[in-house]
Structure formats: structure tokens, C-alpha cells
Undergrad: 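Dumping the structure here so I can ask a few things about it.
On a predicted model such as this, the values are computed, not experimentally measured, just so you know. For the single chain, residues carry numbers from 1 onward in sequence order.
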Amino acid sequence: MLILVDQDGVLADFEQAFYQAWQRSPMQQDFPAIAPEHRRHFYPRDDYPTQYAQATRDIIASKGFFRNLRPIEGAINGMKAMQEAGHEVVICTAPINEYQHCVPEKYEWVEEHLGMEWTRRMIVTKDKTLVYGDVLIDDRPEIHGHRAPQWQHVLFDQAYNRHISTTPRLTWNQWQTVLATL
């Protein structure tokens, strides 16, 4: 099985990093950070008042943000176990529009946490529907693009996507069970 795995929110803990960065920012005094378990939207800007939209983008686009994300618990072992189980596993990640730091830092993150050989198994694209695979494991509730995807979307469980009940759901604790049902 060719398994595409998103990076942020699936492998790397975007939510906790954003929460901590907001707590350290001057905006924290005006509007307290929203804990990851209380977020309800995929994009942080949609959980914060509109006057903070640029501040949310500035945090995410800042140098070191993507590089310093912590691995989600079980993600590194899960990726290696999928590969060892005979699956072809590829990281399929989308850059933010302010990509200057994001793109190289995503590669640096993968090299540090999974090893240099995994950097050769990365696809960085704004449109995941153009990528062939059997399964895409992604935390984004809806994925749209130029084509009907060739892969089946498996939703990686996050607080902001728990309202979706029509897509198979996966965590690193039970990935084998979910993939066996596909």
C-alpha cells in the first residue's frame, strides 16, 4: 500500500507549538491562547478574533516555527513500523503561503526526527489531489484541489476535526487496525 502521510498535525505537533508561541506573544495579554483541545477550526486564525489574523500568520511564518515542532507521540515509531510492515510510506506536506522558512524547515525536521533517507520520501505541494497514493493520512478535515484524489482520506484525529464522522479516523496508537480495514 502506498501511504501518504501529512507532516504538520500528524507527525509534528503544530497545535502545541502554536499554543505555546501565542502564550509568549504580546497578544496573550489581550486574548488568551486557545488550548489545542479547545480549538474548533483547522486554521488557528479561524479560532481567534479577526483582528488577530495577521498575528496568527506571523507566528506560523516565523523563523524556527516548523523546525522546532515536537514529534507527535508515536509518530516516529509509527512511520518506521509502517515501512517495516511493507508499506511504501511518503510524507506529503503542504507549505504555508509565506514559505520562506517553512519549506526548508520541514526538510530539516524530517532529517532530524526520521533521518536523511526520509527527506527523499517527501512531497511538498499545495495540492495533494495531484499526488498518487492509496491512502492519505491527514488532519485537515476536507482536502480540495484540481483533481478527484486517487487516495482514500484517513483523518488523523485532532480536536478541530472531531465533528467529521464520515471519514475513517486514525491515531498513532491504532494505525494498524485502521489500515487493515481499508
Undergrad: Has Trp151 got a side-chain atom pairing as donor or acceptor with Leu2's backbone, closer than 3.5 angstrom?
TA: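 No, Trp151 side chain to Leu2 backbone: no donor-acceptor pair under 3.5 Å.
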Undergrad: Please answer: with hydrophobic residues joined when any side-chain heavy atoms are less than 4.5 Å apart, are Leu69 and Trp118 in the same cluster?
TA: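 Yes, Leu69 connects to Trp118 through the hydrophobic network.
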Undergrad: Considering only heavy atoms from C-beta outward, does the side chain of Leu182 approach that of Pro168 to under 4.5 Å?
TA: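 With C-beta onward as the side chain, the pair touches.
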Undergrad: Suppose we screen for ring pair (Phe, Tyr, Trp, His ring centres under 6.0 Å). Which residues come up paired with Tyr99, at least two apart in sequence or across chains?
TA: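 Once residues adjacent in sequence are excluded, Tyr99 has no partner under the ring pair (Phe, Tyr, Trp, His ring centres under 6.0 Å) criterion.
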Undergrad: Is Gln83 reaching over with its side chain to a backbone N or O of Val89, donor-acceptor style, under 3.5 angstrom?
TA: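 Here the side-chain-to-backbone pair exists.
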Undergrad: So Phe66 and Phe14, would you call those rings parallel, tilted or perpendicular, with 30° and 60° as cut-offs?
TA: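 Rings of Phe66 and Phe14: tilted, as their planes differ by 30° to 60°.
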Undergrad: Between the main-chain N or O of His146 and the side-chain N or O of Asp127, is there a donor-acceptor pair closer than 3.5 Å?
TA: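 Side chain of Asp127 to backbone of His146: a pair is present.
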Undergrad: Are the side chains of Tyr160 and Asp139 in contact, using a 4.5 Å heavy-atom criterion?
TA: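 In short, these two side chains touch, coming nearer than 4.5 Å.
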Undergrad: Let me know which of Glu112, His101, Glu105 forms a side chain to side chain donor-acceptor pair (under 3.5 Å) with Arg67.
TA: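 When side chain to side chain donor-acceptor pair (under 3.5 Å) is applied between Arg67 and each of Glu112, His101, Glu105, only Glu112 qualifies.
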Undergrad: Strictly distance-based, threshold 3.5 Å: is any side-chain N or O of Arg147 a donor or acceptor partner for the main-chain N or O of Pro149?
TA: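 Not a single qualifying donor-acceptor pair exists.
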Undergrad: Tell me whether Phe18 is reachable from Ile34 by hopping between hydrophobic residues (I, L, V, M, F, W, Y) whose side-chain heavy atoms are closer than 4.5 Å.
TA: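 Same cluster: Ile34 reaches Phe18 through Ile, Leu, Val, Met, Phe, Trp or Tyr contacts under 4.5 Å.
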Undergrad: Is the backbone N or O of Arg57 less than 3.5 Å from a side-chain atom of Glu98, with the two atoms forming a donor-acceptor pair by type?
TA: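 Such a contact is absent between Glu98 side chain and Arg57 backbone.
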Undergrad: Looking at Thr93, is its backbone amide N or carbonyl O close enough to the side chain of Asp8 to form a donor-acceptor pair, meaning the two atoms are under 3.5 Å apart?
TA: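 Looks like no, no N/O pair under 3.5 Å.
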Undergrad: Should the pair Arg39-Asp47 be classified as a salt bridge under the 4.0 Å nitrogen-to-oxygen rule?
TA: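 Yes, Arg39 and Asp47 are salt-bridged.
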Undergrad: Side chains of Gln20 and Arg70: closer than 4.5 Å at any heavy-atom pair?
TA: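 Of all side-chain heavy-atom pairs linking Arg70 with Gln20, at least one is under 4.5 Å.
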Undergrad: As an exercise, state the distance from CG of Asp157 to CZ of Arg162, rounded to the nearest 0.5 Å.
TA: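 It is 4.0 Å, given to the nearest 0.5 Å.
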Undergrad: Please examine the side chains of Gln100 and Lys63, heavy atoms only from C-beta on, and report whether any two atoms are closer than 4.5 Å.
TA: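 Result no, sub-4.5 Å side-chain heavy-atom pair not found.
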Undergrad: Would you say Val178 and Ile137 make side-chain contact, with heavy atoms under 4.5 Å?
TA: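 Not touching, per the 4.5 Å side-chain cut-off.
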Undergrad: Would you find a donor on one side and an acceptor on the other, under 3.5 Å apart, between the side chain of Glu37 and the backbone of Ala159?
TA: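 No: the side chain of Glu37 does not pair with the backbone of Ala159.
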Undergrad: Counting only N and O atoms by type, is there a donor-acceptor contact under 3.5 Å from the side chain of Gln174 to the main-chain atoms of Thr171?
TA: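 Looks like yes, one N/O pair under 3.5 Å.
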Undergrad: Taking the side chain as every heavy atom from C-beta outward, state whether Met82 and Ile3 have any pair of such atoms under 4.5 Å apart.
TA: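 Yes - at least one pair of side-chain heavy atoms lies under 4.5 Å apart.
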Undergrad: For Trp109 and Leu114, indicate whether the former's side chain and the latter's backbone hold a donor-acceptor pair under 3.5 Å.
TA: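 A pair under 3.5 Å: no.
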Undergrad: How are the rings of Tyr48 and Trp22 set to each other: parallel, tilted or perpendicular (split at 30° and 60°)?
TA: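 Answer is tilted, since the angle falls between 30° and 60°.
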Undergrad: Which class fits the ring pair Trp175 and His87: parallel under 30°, tilted 30 to 60°, perpendicular over 60°?
TA: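 Ring orientation of Trp175 relative to His87: perpendicular.
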